[in-house]
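Input: a single structure, listed below in structure tokens.
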Protein chains: 2
Amino acid sequence: MQIEPDLCRVEDALGILVGKWKPIILLHLLNKGTTRFNELKRIVPGVTQRMLTKQLRELEDEDIIVRVVYPQVPPKVEYSISEYGKSLEPILMAMHEWGAAHTLHKMQLTKKKD
Amino acid sequence: MQIEPDLCRVEDALGILVGKWKPIILLHLLNKGTTRFNELKRIVPGVTQRMLTKQLRELEDEDIIVRVVYPQVPPKVEYSISEYGKSLEPILMAMHEWGAAHTLHKMQLTKKKD
DNA sequence: CCGCATCCTACGGGATACTG
DNA sequence: CAGTATCCCGTAGGATGCGG
């Protein structure tokens, strides 16, 4: 296994996932499917409209999510995971499992600092 | 599956992996085992001493890598993956596989922008 | 050989207000 | 409802130099 090509690939995936609200957005879209903007805003805890829009745009630019605008008043915009985006699920799951398995270890670490 | 607890866990893993040089450092230590500071510096392309030290310290603080100092002149410091750190391998591998599988997709995206 | 101290910059993230 | 437009701040990352 060569190092440098691997680095690039790992960083590509990382680059897409990194962003304060991206994991929760993706997790929600993966679990619950198509979601409207305001519903996402309610679900993502404490996010501002500006930030939510920004994160969604970035994911859309990467072709991870799909944005559908219904030309009506009041506006309606729906977001969903793209086929491409679905391929990220194993990574998200690997992280989820890791986090679940190591919650204990983390608690032990914080304990040391007392 | 609940959303919010999952978020935390995903972000914990993400938090550890994020850092400009962390993936390549971890990949190297996972593949090649124990490595001296200067060797890492040669291997990680374009990293400065300050940044390499910083990233290594952060990984050490998270208990992902182990730092061994040999009290001699000139100094010798060796870094290796901890047992805990090894548990990150599935995540790194998931990202690697994803990146490898989607190199094509990425090339098609850049093509669109022409 | 390994690392710290200092100083600097760019950018991710945020608060707030306005609009089709 | 679903966004932009401004202004602001902290911190990750970097350049450079000294020191045990």
Side-chain angles (χ1 to χ4, degrees), chain A residues 7-8 10-29 32-62 64-81, chain B residues 7-8 10-26 28-29 32-62 64-80:
Chain A
L7 168 69
C8 302
V10 167
E11 304 223 310
D12 282 349
L14 219 47
I16 288 172
L17 265 1
V18 171
K20 187 153 182 189
W21 312 104
K22 284 175 188 174
I24 199 173
I25 291 170
L26 293 175
L27 249 9
H28 180 85
L29 293 181
K32 310 295 170 75
T34 304
T35 309
R36 294 186 59 169
F37 182 86
N38 249 26
E39 201 184 334
L40 281 174
K41 192 148 97 61
R42 276 195 306 275
I43 285 153
V44 180
V47 73
T48 60
Q49 280 188 340
R50 180 183 121 79
M51 280 313 296
L52 184 54
T53 305
K54 229 177 141 212
Q55 305 277 301
L56 289 168
R57 288 290 177 282
E58 289 174 20
L59 290 171
E60 192 194 355
D61 289 345
E62 298 279 11
I64 303 299
I65 63 175
V66 177
R67 177 168 177 262
V68 178
V69 182
Y70 295 85
Q72 62 187 41
V73 179
K76 173 178 171 181
V77 179
E78 286 183 343
Y79 293 90
S80 56
I81 291 279
Chain B
L7 168 68
C8 303
V10 166
E11 303 224 311
D12 284 348
L14 221 46
I16 288 173
L17 265 2
V18 171
K20 187 152 183 192
W21 312 104
K22 285 175 188 173
I24 198 175
I25 291 170
L26 293 175
H28 180 84
L29 293 181
K32 310 294 171 76
T34 304
T35 309
R36 292 186 60 172
F37 182 86
N38 250 25
E39 201 184 333
L40 280 174
K41 192 149 99 58
R42 276 194 305 276
I43 285 152
V44 180
V47 74
T48 61
Q49 280 189 341
R50 181 182 121 78
M51 280 312 297
L52 183 54
T53 304
K54 229 177 142 211
Q55 304 277 302
L56 288 168
R57 287 290 176 285
E58 289 175 18
L59 290 171
E60 192 194 356
D61 290 345
E62 298 279 10
I64 304 299
I65 64 174
V66 178
R67 177 169 177 262
V68 179
V69 181
Y70 295 86
Q72 61 188 41
V73 179
K76 172 178 170 182
V77 181
E78 286 182 342
Y79 294 90
S80 55

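Treat the numbers as computed from the prediction; the structure is a model and nothing was measured. Labels below follow one simple rule: chain letters A, B, ... track the order of the sequence lines, proteins then strands, and each chain is numbered from 1.
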Inset, instruction - Enter the distance from B:L56:CG to B:I64:CD1 here, rounded to the nearest 0.5 Å. - result: 12.5 Å
Inset, instruction - Not counting sequence neighbours, which residues clear side chain to side chain contact (heavy atoms under 4.5 Å, CB included) with A:V73? List them please. - result: none
Legend entry - Gap separating the CG atom of A:L29 from the OG1 atom of A:T34, nearest 0.5 angstrom: 8.0 Å
Inset, instruction - State, with a plain yes or no, whether a side-chain heavy atom of B:I65 is found less than 4.5 Å away from one of B:R67. - result: no
Legend entry - Bounds of contact between DNA chain C and chain B, in 5' to 3' order, using a heavy-atom cut-off under 4.0 Å: C:dC1 to C:dT6
Inset, instruction - Please report how far the helix from C:dC1-D:dG20 to C:dG20-D:dC1 bends, comparing the axis fitted to its first five pairs with the axis fitted to its last five, to the nearest 10 degrees. - result: 50°
Inset, instruction - To the nearest 0.5 angstrom, please state how far the CD atom of A:Q55 sits from the CG atom of A:L26. - result: 9.5 Å
Got a list of side-chain donor-acceptor pairs under 3.5 Å for residues 35-43 of chain A, not counting sequence neighbours?
{"unit_1": "A:T35", "atom_1": "OG1", "unit_2": "A:H28", "atom_2": "NE2", "d": "3.2"}
{"unit_1": "A:T35", "atom_1": "OG1", "unit_2": "A:G33", "atom_2": "O", "d": "2.7"}
{"unit_1": "A:R36", "atom_1": "NH2", "unit_2": "A:P75", "atom_2": "O", "d": "3.3"}

Legend entry - Listed partners of B:E78 passing salt bridge (Lys or Arg N to Asp or Glu O under 4.0 Å), at least two apart: B:K76
Legend entry - Pairwise side-chain contact, A:V68 with A:S80, heavy-atom cut-off 4.5 Å (strictly under): no
Inset, instruction - Sequence neighbours left out, what passes side chain to side chain contact (heavy atoms under 4.5 Å, CB included) with B:R50? Give chain and number order. - result: B:T48, B:K54
Legend entry - Protein-to-nucleotide contact annotation, 5' to 3' order, nucleotides 13-20 of chain D [B base; S sugar-phosphate only; - none; under 4.0 Å, heavy atom]: BBB----B
Inset, instruction - Would you classify A:Y79 as touching base, sugar-phosphate or nothing, given that sugar-phosphate means primed atoms plus P, OP1 and OP2, and contacts are heavy atoms under 4.0 Å? - result: sugar-phosphate
Let me have the donor-acceptor pairs involving side chains of residues 10-22 of chain A, under 3.5 Å, with sequence neighbours excluded, atom names and distances please.
{"unit_1": "A:D12", "atom_1": "OD1", "unit_2": "B:K106", "atom_2": "NZ", "d": "3.4"}
{"unit_1": "A:D12", "atom_1": "OD2", "unit_2": "B:K106", "atom_2": "NZ", "d": "3.2"}
{"unit_1": "A:K22", "atom_1": "NZ", "unit_2": "A:V18", "atom_2": "O", "d": "3.4"}
{"unit_1": "A:K22", "atom_1": "NZ", "unit_2": "A:E58", "atom_2": "OE1", "d": "2.6"}

